[in-house]
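See structure below.
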2 protein chains.
Amino acid sequence: MSVTPKAAGRHHHGALRRALLDAVAEVVLEAGPEAVTLRECARRAGVSHSAATPHFGDKRGLLTAFATEGSERLRAAMQAAVAALPPTADAQTRLAATGRGYIAFARANPGHFRLLFRADLLDPDEPAFRAAKEAAFVPLAHAMAALAPGAPARAMRARLALAWSAVHGFCTLRAELPGAILWQSDALAEEVAEDLLALVAEACAG
Amino acid sequence: MSVTPKAAGRHHHGALRRALLDAVAEVVLEAGPEAVTLRECARRAGVSHSAATPHFGDKRGLLTAFATEGSERLRAAMQAAVAALPPTADAQTRLAATGRGYIAFARANPGHFRLLFRADLLDPDEPAFRAAKEAAFVPLAHAMAALAPGAPARAMRARLALAWSAVHGFCTLRAELPGAILWQSDALAEEVAEDLLALVAEACAG
DNA sequence: CCTCCAATCTGACCAATGGTCAGATTACTG
DNA sequence: CAGTAATCTGACCATTGGTCAGATTGGAGG
């Protein structure tokens with residue numbers, strides 16, 4: 001377990017914050033965001049459940065802090081996928097790669113991903129979380145702007161909505177409807193994902 | 001309130017089932033699926049919270065029954081949107097209309113819609129729910145088959161994934177990220193939705 | 001009309017949770 | 001070394017979902 005319980009009788013100094021976030025990560029990994037319990041996280045950090053209050057306020061604050069880290073990692077995944085491309089790649093390929101990074105993050109971290117869109121568990125107006133969400137939109141906006149530089153605002157909105165919706169919808173459906181026809185096996189899901197990205201990129205270039 | 005509390009001392013006969021489902025509908029409407037409480041629903045039906053057990057088993061059973069009704073209504077919304085078309089409408093228009101029905105249902109019943117994809121609150125293997133989910137996929141499959149009758153299986157899978165993902169992703173993002181840039185106002189959201197449907201239908205026809 | 005039985009419902013109990021608060025403990029500052 | 005602010009504890013509370021014995025109800029059969 002990655003969580004460091006504190007030594008008996010000692011304070012965590014500034015480290016309780018990190019220890020609690022790591023505990024959330026563990027629980028989310030093991031049982032999903034719904035299963036996160038203030039008391040269980042505190043237990044794993046070796047601390048009473050009230051100890052979280054000074055650091056995060058309440059459960060929602062803790063989950064929001066964790067979601068903020070997820071948003072940053074999601075952004076990093078998209079950037080990494082684009083960076084993995086040869087420098088000669090064209091705009092359409094870059095847009096597809098951005099989506100590939102999004103899908104890869106959702107696949108590798110299903111619980112963390114699902115939490116990002118659980119408005120009931122989060123505080124959508126917490127400044128750091130807000131900033132992380134806006135930052136996570138940047139790679140898509142960037143790739144799209146490079147694809148269709150002169151498109152009118154309305155067409156641009158529609159394409160952004162299409163690309164984001166299609167990729168996000170794919171991740172959500174795969175995460176929430178396991179066993180659906182379109183992604184029975186992992187291999188099939190990967191194939192469908194690639195074809196989907198190609199269709200989206202083509203439609204946005206179109 | 002649409003819920004009929006039972007008369008004091010009398011049994012609900014077979015009507016408790018319906019009364020509880022109506023109570024769920026109320027709570028979901030007022031505060032979303034996460035806020036549903038067995039005890040609150042029982043309170044609204046004028047019954048102790050244990051009274052639900054013989055009818056639904058547990059909370060998950062109650063929510064699954066409610067979600068089953070939602071799935072059926074979602075299917076009806078898609079069919080209605082297609083039926084509202086002039087009989088001369090072509091296959092591409094019919095596919096877009098199917099998506100329009102999906103979006104309309106999600107918009108009109110955000111809580112009910114979100115519940116459908118909350119695997120943690122539902123029993124995905126409950127037979128009636130399974131059947132309703134499969135039935136809800138039919139209108140999309142039907143419209144897609146009419147659009148591209150001879151397409152190879154792989155291309156068909158990709159197009160189904162695109163259409164479903166894009167429409168579902170749009171609904172999900174709008175429901176879970178209120179206040180995002182792409183759907184600030186209702187009018188803007190409607191415009192984006194129509195453009196999105198057109199792009200999807202075109203990509204699936206192409 | 002009466003009896004009996006199965007379905008239905010109640011009320012109490014339990015463990016668990018999130019939030020709050022007074023106060024103890026710790027770590028740092030001057 | 002003294003004092004102060006941050007950190008943490010332990011207890012308490014209301015609420016929840018699940019379980020169970022037993023009361024109540026409605027209808028089936030005599």
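Just so it is clear: chains get the letters A, B, ... in the order the sequence lines come, proteins before strands, and each one is counted from 1.
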d([atom1], [X]; [atom2], [N]) in whole Å:
{"X": "A:F56", "N": "C:dG18", "atom1": "CZ", "atom2": "C1'", "result": "16 Å"}
{"X": "B:H55", "N": "D:dG17", "atom1": "NE2", "atom2": "P", "result": "17 Å"}
{"X": "B:L16", "N": "C:dC9", "atom1": "CG", "atom2": "C1'", "result": "8 Å"}
{"X": "A:L20", "N": "D:dT7", "atom1": "CG", "atom2": "P", "result": "12 Å"}

Problem set entry | For the student: nearest non-hydrogen atoms of B:A45 and B:L20, plus distance | CB-CD2, 4.1 Å
Problem set entry | Where A:P33 and A:V28 come nearest, the two heavy atoms and their spacing | CA-CG2, 4.1 Å
What side-chain donor-acceptor pairs closer than 3.5 Å can you find for residues 115-122 of chain A, not counting sequence neighbours?
unit_1, atom_1, unit_2, atom_2, d
A:R118, NE, A:D120, OD1, 3.0
A:R118, NH1, A:E34, OE2, 3.0
A:R118, NH2, A:D120, OD2, 2.9

side-chain contact (heavy atoms from CB on, under 4.5 Å) partners of [X], counting only residues at least two apart:
{"X": "A:E191", "value": "A:L188, A:D195, B:R154, B:R157"}
{"X": "A:A128", "value": "A:T68, A:E126"}
{"X": "A:R73", "value": "A:F105, A:N109, A:H112"}

Exercise. Would A:K133 count as a cation-pi partner of A:F129, with NZ or CZ less than 6.0 Å from the six-membered ring centre and within 45° of the ring normal?
Worked result: yes
Exercise. Parallel, tilted or perpendicular for A:H168 and A:F113, by the 30°/60° rule?
Worked result: tilted
Could I get a table of every N or O pair under 3.5 Å where one atom is in the protein and the other is in nucleotides 20-24 of chain C?
unit_1, atom_1, unit_2, atom_2, d
C:dT20, O4, A:S50, OG, 3.3

Between protein and nucleic acid, restricted to nucleotides 14-17 of chain C and to nitrogen or oxygen atoms under 3.5 Å apart, what atom pairs and distances do you find?
unit_1, atom_1, unit_2, atom_2, d
C:dT17, OP2, A:R43, NH2, 3.0

